[in-house]
Amino acid sequence: MKSTVTRSVFLFLIVIATLSCNNKTREKDEQVITQKEWALVIHGGAGVITRDLMTPERDSAYRKVLTEALETGANILSGGGSAIEAVEKTIQVMENSPLFNAGRGAVFTNKGTNEMDAAIMDGSDINAGSVAGITNIKNPISAARAVMEKSVHVMLSGQGASEFAFEQGLEKVDPSYFYTDHRYRQLTEAINREKNGTVGCCALDKQRNLAAGTSTGGMTNKKYNRIGDAPVIGAGTYANNSTCAVSATGHGEYFIRWTVAHDISALMEYGNMSLNEAADLVVNKKLVEAGGSGGIVSVDKYGNIAMPFNSEGMFRGFADSEGNKAVYIYRDE
Ligand code: ASP
């Protein structure tokens with residue numbers, strides 16, 4: 001009698017275990033079923049971005065460029081183009097606008113110069129390229145891509161980076177191209193240390209490859225020759241096909257020390273977290289406790305998107321193969 005009861009309990013436990021395993025499989029299957037064909041997410045910087053600091057004209061000017069950038073990348077991805085191509089071309093749109101702190105609208109150093117950083121990373125082969133402290137290349141993100149694809153190095157800086165970029169046929173501009181009144185006023189009035197406008201993009205393409213890119217003029221009034229997190233692989237930029245692609249914006253010194261972009265990927269890889277859980281933990285807990293303000297945009301291998309930030313606002317937007325498309329600026333939207 002006793003052994004029959006024991007056997008029944010044992011069988012019951014096996015049935016329960018099997019059922020819960022099936023549930024897990026189903027959960028996984030569901031995740032796989034919601035696999036998006038492609039997805040794209042962008043940011044145009046995080047910081048003190050509130051409705052009362054914005055005019056209606058500036059608000060719509062920002063939304064217009066963000067939308068144009070999103071559409072550029074979305075067209076590439078929906079047409080079967082690569083994630084790397086989408087990231088580069090999307091970022092170029094924002095670099096060419098004076099509104100963002102990247103390319104044309106880069107902020108000034110304490111010496112009144114514009115020194116830009118950029119990085120790009122291919123999640124399919126963990127290849128990456130970055131440039132730091134460049135002053136005369138129109139599109140720093142393209143210089144980063146050239147370093148990744150045409151050199152044996154990962155990171156080039158200063159004059160060497162510029163010379164390499166020219167050899168690759170990239171467009172050279174006079175440093176005065178990066179002079180904008182708006183940014184110069186920010187330097188001379190020593191205001192706006194936090195409201196920057198770095199740009200970034202992450203993409204998942206139809207071949208299921210992930211890529212990330214970030215481009216910035218750095219922090220207003222930064223010491224000349226200072227390098228931020230954007231070109232540091234694993235800090236401001238990271239992509240890995242087995243987890244996610246991440247592009248960051250915020251106080252770079254914290255993003256470097258907390259290796260933010262790679263930390264999110266590692267929490268997914270080793271901690272089994274979802275993209276949302278990992279991104280939220282890093283941006284809204286670890287960085288907040290450390291005092292590092294900013295945010296990230298990210299896409300995982302299924303096309304899920306996360307855009308957490310711990311500052312007042314972040315220029316951001318996303319689009320995917322299911323027809324979703326939106327741009328946002330403030331915290332309450
Ligand atoms: N992360 C950039 C830097 O520290 C600045 C920013 O994103 O606003 O250079």
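Small disclaimer: the values here were computed from a predicted structure and weren't measured. Just follow the structure's listing: the first ligand is 1, and inside any ligand the first atom is 1.
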Asker: When you look at Ile49 and Met54, which way does the side-chain contact (heavy atoms from CB on, under 4.5 Å) test go after all the steps?
Answerer: CA-CA 8 Å; Ile49 305 163; Met54 194 75 87; 3.9 Å; yes
Asker: Report the residues that fulfil side-chain contact (heavy atoms from CB on, under 4.5 Å) with Lys301, sequence neighbours left out, ordered by chain and then residue number.
Answerer: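 If we apply the side-chain contact (heavy atoms from CB on, under 4.5 Å) test to Lys301, skipping adjacent residues, the hits are Leu210.
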Asker: Taking only non-hydrogen atoms of Gly45, do any sit less than 4.0 angstrom from ligand 1?
Answerer: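 Checking ligand 1 against Gly45, which is what was asked, there is no heavy-atom contact under 4.0 Å.
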Asker: For Phe108 together with Tyr179, are the ring centres under 6.0 Å from each other?
Answerer: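 That pair passes the under 6.0 Å test.
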Asker: Can you check which of Met314, Arg226, Met116, Glu115 brings a heavy atom nearest to atom 4 (O) of ligand 1?
Answerer: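 Comparing heavy atoms across Met314, Arg226, Met116, Glu115, the nearest one to atom 4 (O) of ligand 1 lies in Arg226.
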Asker: Under a 4.0 angstrom heavy-atom cut-off, which atoms of ligand 1 come close to Thr198?
Answerer: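 It comes down to these atoms of ligand 1: 2 (C), 5 (C), 6 (C), 7 (O), 8 (O).
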Asker: Do Glu253 and ligand 1 have an N or O pair less than 3.5 Å apart?
Answerer: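 No; every N/O pair is 3.5 Å or more apart.
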Asker: Measuring from atom 2 (C) of ligand 1, which candidate in Gly250, Gly236, Gly44, Gly252 has the nearest non-hydrogen atom?
Answerer: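 Closest candidate by heavy-atom distance is Gly250.
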Asker: From the options Glu95, Lys89, Glu88, Glu171, select the one residue that forms a side-chain hydrogen bond (donor to acceptor under 3.5 Å, both in side chains) with Asn139.
Answerer: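 Result: among Glu95, Lys89, Glu88, Glu171, Glu95 is the only option passing the side-chain hydrogen bond (donor to acceptor under 3.5 Å, both in side chains) with Asn139.
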Asker: Are any of the N/O atoms on His251, whether in the backbone or the side chain, positioned under 3.5 angstrom from an N/O atom of ligand 1?
Answerer: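 Between His251 and ligand 1, no N or O pair is found under 3.5 Å apart.
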Asker: Within a distance under 4.0 Å of any heavy atom of Thr249, pick out the atoms of ligand 1 and give their elements.
Answerer: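 Ligand 1 atoms under the 4.0 Å threshold to Thr249: 6 (C), 7 (O), 8 (O).
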Asker: Identify whether the distance between the nearest side-chain nitrogen and carboxylate oxygen of Glu57 and Arg63 falls below 4.0 Å.
Answerer: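 So Glu57 does not pair with Arg63 through a salt bridge.
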Asker: Got an N/O contact under 3.5 Å between Asp117 and ligand 1?
Answerer: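 Not met; the criterion fails.
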Asker: Among pairs that include at least one residue of residues 197-241, which meet ring pair (Phe, Tyr, Trp, His ring centres under 6.0 Å), considering only residues two or more places apart or in two chains?
Answerer: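 Qualifying pairs: Tyr238-His262.
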